[in-house]
Number of protein chains: 2
Amino acid sequence: MDLHKKPGHLIRRLNQNSTAVFSNHMQQVGLDLTPVQFAAMDVIARIPGIDQAKVAAEIGYDRATIGGVVDRLEQKGYIERTVCKHDRRAREVRLTEKGSEVFDQVAPVVQALQADILPGLSLAERDKFIELASKALAHIDG
Amino acid sequence: MDLHKKPGHLIRRLNQNSTAVFSNHMQQVGLDLTPVQFAAMDVIARIPGIDQAKVAAEIGYDRATIGGVVDRLEQKGYIERTVCKHDRRAREVRLTEKGSEVFDQVAPVVQALQADILPGLSLAERDKFIELASKALAHIDG
DNA sequence: TTCAAATAATATCTATACTTACTTTTATGG
DNA sequence: CCATAAAAGTAAGTATAGATATTATTTGAA
């Protein structure tokens with residue numbers, strides 16, 4: 001019954017390290033973006049004009065959390081919100097010009113830091129981890 | 001550059017599911033314990049009289065976070081804090097009788113819910129995941 | 001031995017994350 | 001057409017999670 005060999009504990013520790021690695025790399029580039037903020041920007045970059053609820057669904061969050069994330073991205077001037085014409089309940093979200101520049105600058109950094117999130121693993125082991133994690137998540141989402 | 005195939009994103013999603021599964025099982029038993037609160041109680045049960053800083057080090061947290069966790073466990077009456085005789089800066093932490101009962105009740109539940117944290121994986125796959133995660137964490141810790 | 005460095009805990013601040021409740025707006029069934 | 005359910009967003013509350021600063025205490029080095 002050692003906690004250090006249980007999936008829940010291991011995942012929690014890996015997640016801590018993941019956010020720490022992300023934060024360190026952002027600091028080195030002189031930017032202030034969190035993992036969730038980047039994930040949101042990634043979705044918005046791919047689907048300009050998407051509404052907040054769909055952003056939340058896309059990256060697996062509830063609406064309330066994404067509301068706060070979008071608030072902070074707006075305060076930084078990275079995105080802008082407009083009321084949707086067809087559905088006045090919804091807010092369409094788009095990257096600003098500044099937001100696009102930041103995203104283009106950050107994307108390769110995020111790409112590069114992935115290796116540090118699972119350190120000490122070979123490429124094959126990392127692929128295996130991704131395969132197993134994806135398989136588990138498929139059962140969770142579906 | 002799909003976020004859904006990157007370790008950082010996958011780990012974050014798995015961690016979300018992990019805490020959700022934990023929360024659901026706790027509700028079914030009629031108890032209000034978070035994963036971190038359980039992890040803290042597990043350490044305190046194994047090492048009665050341990051101080052907060054060592055609890056934090058044991059489960060991989062900073063002292064500030066554990067301070068809040070210990071606050072809430074104390075409010076629930078599950079633990080008690082006493083000033084250490086040999087070092088008056090430190091607070092020794094112990095499970096109360098009520099805390100011990102709750103821990104004994106919860107431990108098998110936590111044991112059982114681990115399977116739901118990585119659903120859809122065979123036993124061998126789950127073991128492989130644990131092996132890879134442990135290997136990565138070994139490189140992180142030291 | 002005495003004073004600076006280090007340590008334990010706390011306080012404060014920011015940012016997730018989720019729940020529940022509430023408002024506004026849209027969709028739908030009779 | 002209208003009552004009602006459903007959906008989008010927000011607000012409030014709780015619990016992590018870490019950074020930084022402060023206080024109290026202990027340790028260590030000159």
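Below, each value reflects all heavy atoms present in this structure, side chains not excepted, and no hydrogens, waters or symmetry copies. All chains are named by letter (A, B, ...) in the order of the sequence lines, taking the proteins before the strands, and each is independently numbered beginning at 1.
- Nearest-nucleotide mapping onto DNA chain C: of A:Asp62 and A:Pro35, the residue sitting toward the 5' end is A:Pro35.
- With D:dA8, D:dA11, C:dT16 as the choices, the nucleotide that has an atom nearest any side-chain atom of A:Arg72 turns out to be C:dT16.
- Applying the 6.0 Å contact sphere to CD of A:Glu97 captures no more than 12 heavy atoms from other residues, nucleotides or ligands.
- Using a 4.0 Å cut-off, some side-chain N or O of A:Gln16 falls inside it from OP1 or OP2 of D:dG18.
- Considering only the side chain of A:Thr65, C:dA17 comes nearest among C:dA17, D:dT16, C:dA8.
- C:dT23 atom C1' lies 14 Å from atom CZ of A:Arg88, rounded to whole Å.
- Nearer to the 5' terminus of DNA chain C, by closest-nucleotide assignment, is the contact made by B:Ala53 (compared with the other of A:Asp87 and B:Ala53).
- One interatomic measurement links the two molecules: CZ of B:Arg12 to C1' of D:dT16, which rounds to 16 Å at whole-angstrom precision.
- Rounding to whole angstrom units, NE2 of residue A:His86 and C1' of C:dA27 are separated by 16 Å.
- By the neighbour-count criterion of 12 heavy atoms within 6.0 Å, atom NZ of B:Lys76 is densely surrounded, having more than that number from other residues, nucleotides or ligands.
- Side-chain atoms of A:Ala64 lie closest to D:dA12 of the nucleotides C:dA15, D:dA12, D:dT16.
- If you measure from atom CZ of A:Arg63 to atom P of C:dA21, you get 14 Å, rounded to the nearest angstrom.
- Sequence order on DNA chain D of the closest nucleotides to A:Asp71 and B:Gly68 puts A:Asp71 first from the 5' end.
- Here the P atom of nucleotide C:dA17 and the CD1 atom of A:Ile66 are 9 Å apart, to the nearest Å.
- Residue A:Arg81 has its side chain nearest to D:dT10 when only D:dT10, D:dA15, C:dA17 are considered.
- Regarding contacts with the backbone of C:dT10, a side-chain N or O of B:Gln52 is found under 4.0 angstrom from either OP1 or OP2.
- Of the candidate nucleotides C:dT7, C:dA17, D:dT16, C:dT7 has the atom lying nearest to any side-chain atom of B:Arg89.
- Atom CE in A:Met26 sits about 13 Å away from atom P in C:dT16, given to the nearest Å.
- As a whole-Å value, the separation of B:Asn24 CG from C:dT19 P is 8 Å.
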Evaluate the side chain to side chain donor-acceptor pair (under 3.5 Å) criterion for residues B:Thr65 and B:Asp62: first the C-alpha distance (whole Å), next the side-chain angles of each, then the deciding distance (0.1 Å), finally the verdict.
CA-CA 6 Å; B:Thr65 300; B:Asp62 62 311; 2.8 Å; yes
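- Toward the 5′ end of DNA chain D lies the nearest nucleotide of B:Asp32, the other residue of the pair A:Thr19 and B:Asp32 mapping further downstream.
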Would B:Lys128 and B:Glu131 satisfy salt bridge (Lys or Arg N to Asp or Glu O under 4.0 Å), going step by step from the backbone distance to the final call?
CA-CA 5 Å; B:Lys128 186 71 182 172; B:Glu131 178 199 325; 3.6 Å; yes
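- Look at A:Thr34 and you'll find a side-chain N or O under 4.0 angstrom from OP1 or OP2 of C:dT16.
- Between B:Met41 atom CE and D:dT16 atom P the separation is 13 Å, expressed in whole Å.
- Under the 6.0 Å cut-off for aromatic ring centres, A:Phe103 and A:Phe38 qualify, their centroids lying closer than that.
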